[in-house]
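Inspection log for the structure reproduced underneath, given as structure tokens.
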Amino acid sequence: MVKSPVVTGISPKEGPPGTRVTIRGEYLGIKATDLTGLTICGCDCLLSAEWKSDKKIIARTGAAKGKGDIIVTTRGGGTGTCTVQFRAYYETIGPMKESAVWIEESPMQSLAWGRRSLAPTGYTQEDPLGLSNEGNEKKFPEDLRDLFPEGSGDLSQENFTPGWFLLENHHATSFEDLKAGLSYLRRRVESQKEGQLSFLKSNAGSVIDQLDTLMTLRDRITQDNKVHGKEPVRQLDVAIRGSIDASHELFKDVLVRKEKADATRAALSAMSRHKFLFCLPNTVEKAALKNEFDIVVNDYARVKNLFGKTEVPIFRKVLEEVDIKILAIRQQLHVKIKEMPQGVEQQKKMIKALISLETQQAGTSVAGKLKLEDPAWDAIEARAKHLEETFLKAYEQYSGKESHGSESKSRTDPAVTPVRVQFCEEMTEIAASQFPDLWRLGQAHFNGELRGVAPPKPGNFKRIILTAIEQFCSYLRSALLATSSAHRSLVATVSAVKGLPAWPLSSPSVNFLITWLPHCLRYVRVSYATLIRLDLPNEALDIVLKFIDELRLYCMSTILKKANERVKKLHEKEQWELTVTEFAGATSLPAKLEEILVEAIDDAQVACLTPEVREGTLLEPQSDGQRELSKRFQEILTSFCTVIETLALQRSDEDPQQAPMLSQLIGFPAALLQQQMSNGDKREWANPAITWEQRLLCCLSNCIYCNRIFFPKLGNLFTRHSFPVPTLAIENSRSTINGLFASLLEMYVEHKSDPLVGTIEPSMYLGRFQWDQVGPSEKLSPYAHECLDNLVSVYSEIFAISPSLLRPILEPIVQTVAEELARLMTCVQKFNVNGALQATVDINVIRDAVRVYSNETAKSFFVEALDAIPSVPESEQRTFETVKMIKNNIRLQIMCLQVVDP
């Protein structure tokens, strides 16, 4: 709890009004605004108080008299106490005392009759005791007025008291010196008396002559009275009286003129002495025109202090005129503090001047004509309104530009800044320049610097601040996020504006804006940093932080959308180069996808994912950011799957025909594959135009590669940037790529198995072949030979692309072939002995050749085919030898189909 202020010392301890005193004590306030009251001897001295520290205040005393306390009042400690007192008194202005009133001194003029008056500075008071004042500079410690209530120490006064004079001027003089001074004074008095007697002695003759002359005059008058009587005297008396009357009239006329001259001289002297007062109306008016309101305040306070209680009519009339001028200046100031734009320091200066003038003019006859409860609050509201109007003006200006199609050039020229980006730059500049002024003005109002008569309104100011920030964010949200909900939020925030125009929700500018979003985010962050430095409450900062998070999320989303658009066009960049060493048959398409993802993640990391001051991590677990990232990442992978599907389904009449048969190939494909893999070269096609079947096999290889290796490896991209791995998106994409692989595999198998199986029956019955008319033979039937050649051709085509696809593709094809052979054997109505032996040999050779790629179903079909052939007694050995011989003859084909793990 803050303690009450205590005054423990004051220097000096006495003085007339206006004395500059230094007050010392404890708990006098932590800062200047804590000082709310100061009285000395009951007189309010707060206006002149100058707070120095919590233990020192400097002020000037007011119009008080007598002894009194020094009371300090602070904001936290309230009214304090004191342990010392100050004595105030009024000085007597005599001929030897300089006046405290400002006058224009001029040299003394010679009187008309030749006598010269002494200048005031010519009067010097000599010490009557003839003693020096050295050592008596310090004042007597006690109050002499209390010791001599009716006396005075001034030699020129009627109530002169010797005791006062001695205590005031010689309290430190020794007694011996005082005795010497008394002797000096006596000698001076005696010398004055002796001077008169000596004068008479030295002029005794002249005195006697004067007496003789007077006696002679008396004798002559007596004789004249006896001779002439008393009439001449009467006539002379009448003449003399007439002369006297004439001289009186003449004197009266001279006296009247002298009085007029004296009055004029006194008036001129008064005007010269009080020039400040008489010129003050024009002075304050000129100072107000120059916006020098400090001069107005100081001059008005000075004249009120000097002439505020005067009873002189002319002075009161001038003061009334000054009050009218001050009233007009107050009205002018009240208008000026609400004029915008202007600097906050200039506005604070005018508010302080207005409050000071209003306080000084209180109690005058014109004070009630203009009542201002809180000028600072009026200025705050004016600045807040100007900020709101500036936001709206910028919004209408830039939204109108886009609505009228003025940014067509910016959509074609990347060097030109889009209108919405210009609007973002303008809005952030307005917020960074004007909002701090509004906040500083409000803080000055609430900390007492600009406080008026009415109590402050912190709740209303908080509402103004929050509204301004919400409008700032709503304007930017409607322009940058470009959604209908953002515009509805703006209309709700700026409720006072009707018909607020909206940004076009779908226009080329919106798509073009995507590349500028990181730029806009940087500008918003700069404004946010400016607001943080103002030490705003968290409730206000959280509004901007929420918008920044939305913009960061939208920026991340747009970057990933751009990446998705690039991924959708990857089919245009497929060169069918088998560059993946980890998986044979996979092309460079996944690597291109990885490049796009790395670039997108790096861009997002730099632009929006790296948090700055007071910002949180955008990709917190279970957050909107993580969900958005997972969603966009899955869209990218789904688009990639679509690209693979598009490449697999692209067929045209210009595609090369199917690869040639094995018998027409030069060398075995496996040898070529091993040579290329050992050399580490790119596996490029000898023929720049590849067939659709080969492209389909590459797509199947890409599917397997993505499912097994590439998609799981993408999680390392996020781990490397310390982002959460979108496991669900990866698993869903693996499921999608598996489904695509199954459909493409079915397509390829169907494409290969249908013609292969379709040729078995025509080839079997070529030339009206019948199984009951077969002659003895130890060779493989043409249909079986052709079937094996076709299987080897499919094998070689798959092996040349991706050996890992052999089993997934050949197993269903072999199963289809076994099923067809079982059907054909079952449909034969009659076999002769040679026909049964030939069919058994054919089925056994085909079954043994494709044993590696035969599943249980295919094996059962081969068994069904053999069961459909009638058995020939004692033919097992012959059949075994024939099969062995044929397998030796076609060992090259069989060796191809016997590779277990290519």
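Any value given below was found using the heavy atoms of this structure, including those in side chains, with hydrogens, waters and symmetry copies removed.
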Which of Val567, Ile601, Ile636 passes side chain to side chain contact (heavy atoms under 4.5 Å, CB included) with Ile596? It is Val567
Backbone N or O of Leu578 within a donor-acceptor pair of the Thr587 side chain at under 3.5 Å? no
Looking at Lys546 and Asp549, does any basic side-chain N land under 4.0 Å from a carboxylate oxygen? no
Just so I know, are the side chains of Asn790 and Val794 near enough to count as touching, which here means a heavy-atom distance under 4.5 Å?
no
Got a donor-acceptor contact below 3.5 angstrom from the Arg420 side chain to the Ala479 backbone? yes
**Prompt:** Any side-chain heavy atom of Thr736 within less than 4.5 Å of one from Leu637?
**Reply:** no
(request) Give the C-alpha distance, both sets of side-chain angles, the deciding distance and a yes or no for side chain to side chain contact (heavy atoms under 4.5 Å, CB included) between Val872 and Phe831. (result) CA-CA 10 Å; Val872 178; Phe831 288 91; over 6 Å; no
Q) Under the side chain to side chain contact (heavy atoms under 4.5 Å, CB included) criterion, do Ser588 and Val580 qualify, and how do the steps go? A) CA-CA 7 Å; Ser588 60; Val580 181; over 6 Å; no
Any salt bridge between Lys631 and Glu628, counting N to O under 4.0 Å?
no
- Message: A side-chain contact here means heavy atoms from C-beta on lying under 4.5 Å apart; do Ile737 and Ile644 qualify?
- Response: yes
Closest non-hydrogen contact found for Cys706 with Pro590 is SG-CG, 4.1 Å
Do Trp771 and Met764 touch side chain to side chain, with heavy atoms closer than 4.5 Å?
-> yes
Closest non-hydrogen atoms of Lys573 and Lys592, given as atom of the first, atom of the second and distance, are O-CE, 3.5 Å
**Asked** Within the distance-only criterion (no hydrogens, no angle test), does the side chain of Ser781 pair as donor or acceptor with the backbone N or O of Ala784 below 3.5 angstrom?
**Response** no
Output for pair (Glu786 CD, Leu780 CG), nearest 0.5 Å, gives 11.5 Å
Output yes when a side-chain donor or acceptor of Glu615 lies under 3.5 Å from a complementary backbone atom of Glu612, and no otherwise. yes
Using 4.0 Å as the upper bound for N to carboxylate O, is an ion pair formed by Glu797 and Lys752? yes
Is any side-chain heavy atom of Val725 less than 4.5 Å from a side-chain heavy atom of Asn716? no
message = Any side-chain to backbone donor/acceptor pair from Thr610 onto Gln605? Under 3.5 Å, distance only.
response = yes
Closest non-hydrogen contact found for Leu480 with Tyr554 is O-CE2, 3.4 Å
Sequence neighbours excluded, the answer for side chain to side chain contact (heavy atoms under 4.5 Å, CB included) partners of Gln626 is Pro621, Ser623, Pro724
- Message: Just checking Phe880: does its CZ atom have more than 12 heavy atoms from other residues, nucleotides or ligands closer to it than 6.0 angstrom?
- Response: no
| message | For a 4.5 angstrom cut-off between non-hydrogen side-chain atoms, does Phe769 reach Val774? | response | yes
Rounded to the nearest 0.5 Å, the NZ atom of Lys884 sits from the OG1 atom of Thr879 at a distance of 14.5 Å
All heavy atoms of Gln650 vs all of Trp692, minimum pair found to be O-CD1, 3.2 Å
Item checked: Any donor-acceptor pair under 3.5 Å from Arg891 side chain to Asn888 backbone -> yes
Closest heavy-atom pair, Ser701 versus Ser802, reported as atoms and distance to 0.1 Å, is OG-CB, 3.0 Å
Rounded to the nearest 0.5 Å, the OG atom of Ser860 sits from the CZ atom of Phe862 at a distance of 10.0 Å
### Message
Could you tell me if Glu693 and Tyr748 have a donor-acceptor pair between their side chains, going purely by distance under 3.5 Å?
### Response
no
Heavy-atom check, side chain of Cys608 versus side chain of Leu521, under 4.5 Å:
yes
Inset, instruction - For residues Arg522 and Arg525, determine if any side-chain heavy atom of one lies less than 4.5 Å from a side-chain heavy atom of the other. - result: no
query = Judged by atom type as modelled, is there a donor-acceptor pair below 3.5 Å linking the side chain of Ser630 to the main-chain atoms of Arg627?
reply = no
So OG1 of Thr759 and CG of Asp789: to nearest 0.5 Å the spacing works out to 10.5 Å
key: Ring-ring centroid check Phe633 Phe718, cutoff 6.0 Å   = yes
Chi angles and distances behind the side chain to side chain contact (heavy atoms under 4.5 Å, CB included) call for Phe583, Phe710:
CA-CA 10 Å; Phe583 192 86; Phe710 181 67; over 6 Å; no
Is it true that, when you exclude Arg878 itself, more than 12 heavy atoms of the residues, nucleotides or ligands shown sit nearer than 6.0 Å to its CZ? no
Quick one: do Lys569 and Glu572 make a salt bridge, cutoff under 4.0 Å?
no
Nearest heavy-atom contact between Ile894 and Ala849 is CG1-CB, 4.0 Å
For Lys779, does its backbone N or O pair with a side-chain atom of Gln838 as donor and acceptor, under 3.5 Å? yes
*Taking the side chain from Arg734 and the backbone from Asn707, do they hold a donor-acceptor pair closer than 3.5 Å?*
yes
Rounded to the nearest 0.5 angstrom, the CZ-CG distance for Phe861 and Leu866 is 13.5 Å
Please report the C-alpha distance between Phe723 and Leu717 in whole Å, then the side-chain angles of each, then the deciding distance to 0.1 Å, and finally whether the side chain to side chain contact (heavy atoms under 4.5 Å, CB included) criterion is met. CA-CA 8 Å; Phe723 296 158; Leu717 294 178; over 6 Å; no
CZ (Phe741) and CD1 (Ile704) are apart, to the nearest 0.5 Å, by 3.5 Å
**Report entry** SB check Glu574 Arg695 (cutoff 4.0 Å)
**Finding:** no
- In terms of heavy-atom contacts, does CD of Glu565 have more than 12 from other residues, nucleotides or ligands at under 6.0 Å? yes
- Task: Could you give me the CA-CA distance, side-chain angles and deciding distance for Gln815 and Asn855, then say whether side-chain hydrogen bond (donor to acceptor under 3.5 Å, both in side chains) is met?
- Result: CA-CA 7 Å; Gln815 179 179 330; Asn855 54 24; 2.9 Å; yes
Q.
Treating Ser763 as the side-chain partner and Ile760 as the backbone partner, does any N or O pair qualify as donor plus acceptor under 3.5 Å?
A. no
